[in-house]
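First the structure, in the form of structure tokens, and then the observations on it.
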Number of protein chains: 2
Amino acid sequence: MGDEPLEHHLDLLWGRGSATGRGRPARTTREQVVAAGLARADAGGLEELSMRALAADLGVGVMSLYTHVESRDGLVALMIDQAFAEVTDGLYPRAGEPWRAAAARQARTLWGFYARHPWILGQGSRLPMGPHVLAMEDAFYAPFLDIGLTAVESANAAIALRSLVTGLARDSTSEQDQSRRTGVGLYEYWSSINAVFWDRYFEQEHYPSMTRLWYEGGFEGDDVIAEEGILDRAVGAYLDGIATRVTRTGGPS
Amino acid sequence: MGDEPLEHHLDLLWGRGSATGRGRPARTTREQVVAAGLARADAGGLEELSMRALAADLGVGVMSLYTHVESRDGLVALMIDQAFAEVTDGLYPRAGEPWRAAAARQARTLWGFYARHPWILGQGSRLPMGPHVLAMEDAFYAPFLDIGLTAVESANAAIALRSLVTGLARDSTSEQDQSRRTGVGLYEYWSSINAVFWDRYFEQEHYPSMTRLWYEGGFEGDDVIAEEGILDRAVGAYLDGIATRVTRTGGPS
DNA sequence: GATCCTTTCGGTACACCGTCTGGAAAATCA
DNA sequence: TGATTTTCCAGACGGTGTACCGAAAGGATC
């Protein structure tokens, strides 16, 4: 009656391990389980992360994993929080760094992070409220303080910047993830698609804007592997808009 | 040897049904299957969409579904494309509508669309190349033509706007989706989390930016149900940035 | 050292999933 | 009528997450 699952969930996330020292000792630490899960997800996506395979990696019985995590979803939550640990330190604005440069650098950092762990973008649920996720969010708020925005505006500006990077990262990395799942390589997939698609299915008159941009070269070098150009452009435009509001509101710095 | 799976996939998406008229007639059309799948996903999320349950909804054997769709993933692709059909018509800029107003309206429309079909945000793979998805994308390119941007800039601007809305929608609707999955209602989930969290786990000195914004009211009315204010603000800032570039480049209109 | 207590270990089992198989059923064509 | 073509669908297979529960292994106490 005293253990609600919600508290247990957060307890795990915040490392409130009992660790009484009594009873049979565990052959494995929670850190090891999470690290093995991270390695598996980074290598083959979240779908390669089955409890049986993970237990085999660790040389442990399947159900032994459940002494450290309450469920597979709980494990994924721990993995996500742990993954963000690698990036939170470098995310805070440096001393004397202008707010716009700091925000742009954060966007690049988050972009690179998602490129390394694309499986985090895969599932639709919100990020778990773990210490490192919170640290990441906290860092994103920092550049927008004391630049002449109201509190709500600052919060929204940071959230939107995160969402912009997340959305772009999702669009660009999902191809790689999908190719790994289906086993069809990225390159042959797109080349075969492109070879067949435009001739056979595409009817130009139905899609005038795309057709025009296509012939004007709007999609060159951007279709297969989404590079960082689009990120810089989008973040730049967004921060320009924020800068407009800052000066309009009469903010300092 | 003539039927590659890729072509088959696109054939389904583009409605190249054979329909010879011979053989035993199907008790069900592909439209019915897709509609039933949409109803199920809208009601209970993608996880409630099992082939067995869907077949039971239609009063049909499980394997009969596979005469219309090649796999569950293929069915989801059809569902996504079909879902976008409800929104593509109103998405194109109207006659005489300024590009900025058209883009803002598109963002609102897409936002509402994702609120109605949050499961589309759930899986990480890119949108299927169906006729309605392409129409949606085509419409998003339209406002950014002929405003003084290069082709690449126009394409990137449209893609980024879509990604911004998608990212924000994902952040705000994932809560509802998650609550439906876990069975814990949205409201009691967040109230219990908030009641326990801030007192028990949160250590203010570790998260200075969030703490400041919290006490300054930056999160008021925005935490539980993300309303449209953040969307309008973010899209407004982004389009302001685009407008800056337009005039900087010396574009017309 | 013997006993109790507490904790982890892990084999087994269950429900559920997507989908392959293959024979039966039902329509059209010759 | 017979041949052909297509759909229907019960059953089975290998996969998943995880509940159950006795066995095992350490510390604490006597």
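None of these values were measured; they are calculated from a predicted model. Residue numbers begin at 1 in each chain, while the letters A, B, ... track the order of the sequences.
Spacing between atom NE2 of His68(A) and atom C1' of dC9(C) amounts to 11 Å, rounded to whole angstrom units. Rounded to whole Å, the distance from CG on Leu75(B) to C1' on dT19(C) is 14 Å. Atom P of nucleotide dT7(D) and atom CG of Leu58(B) are separated by 16 Å, given to the nearest angstrom. Regarding Tyr66(A), its OH atom lies at a distance of 15 Å from the C1' atom of dG11(C), rounded to whole Å. Nucleotide dG18(C) holds its P atom 11 Å from the CD atom of Glu48(B), rounded to whole Å. Nucleotide dC16(C) holds its P atom 20 Å from the CE atom of Met51(A), rounded to whole Å. One interatomic measurement links the two molecules: CG of Leu54(A) to P of dG10(C), which rounds to 14 Å at whole-angstrom precision. In this structure, the CZ atom of Arg72(A) is 13 Å from the C1' atom of dC17(C), given to the nearest Å.
Dashed line: the shortest gap from a side-chain N or O of Ser50(B) to OP1 or OP2 of dC17(C) is under 4.0 Å. At the phosphate of dT7(D), neither OP1 nor OP2 sits under 4.0 Å from any side-chain N or O atom of Ser64(B).
Applying the side chain to side chain donor-acceptor pair (under 3.5 Å) criterion to Ser163(A), with sequence neighbours excluded, gives Asp171(B). For Glu86(A), the side chain to side chain donor-acceptor pair (under 3.5 Å) partners at least two apart in sequence or on another chain are Arg116(A), His117(A).
Note: Phe113(B) and Phe84(B) meet the aromatic proximity criterion, with ring centroids under 6.0 Å apart.
Without hydrogens or angle criteria, Glu48(A) side chain to Ala41(A) main chain gives no donor-acceptor distance under 3.5 Å. Tyr207(A) contributes a side-chain N or O that, together with a main-chain N or O of Pro131(B), makes up a donor-acceptor pair within less than 3.5 Å.
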Original post:
What does nucleotides 22-30 of chain C look like as a protein-contact string, B for base, S for sugar-phosphate only, - for none, at under 4.0 angstrom between heavy atoms?
Top reply: ---BBBSS-
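Here the straight-line distance linking atom CG of Asp57(A) with atom CZ of Arg40(A) works out to 4.0 Å at 0.5 Å rounding.
Minimum heavy-atom separation, Val62(A) to Ala55(A): CA-CB, 3.6 Å.
Side-chain N/O atoms of Arg52(A) and base N/O atoms of dG15(D) include no donor-acceptor pair closer than 3.5 Å.
Place Leu65(A) and Leu49(B) on DNA chain C by their nearest nucleotides, and Leu65(A) ends up nearer the 5' end.
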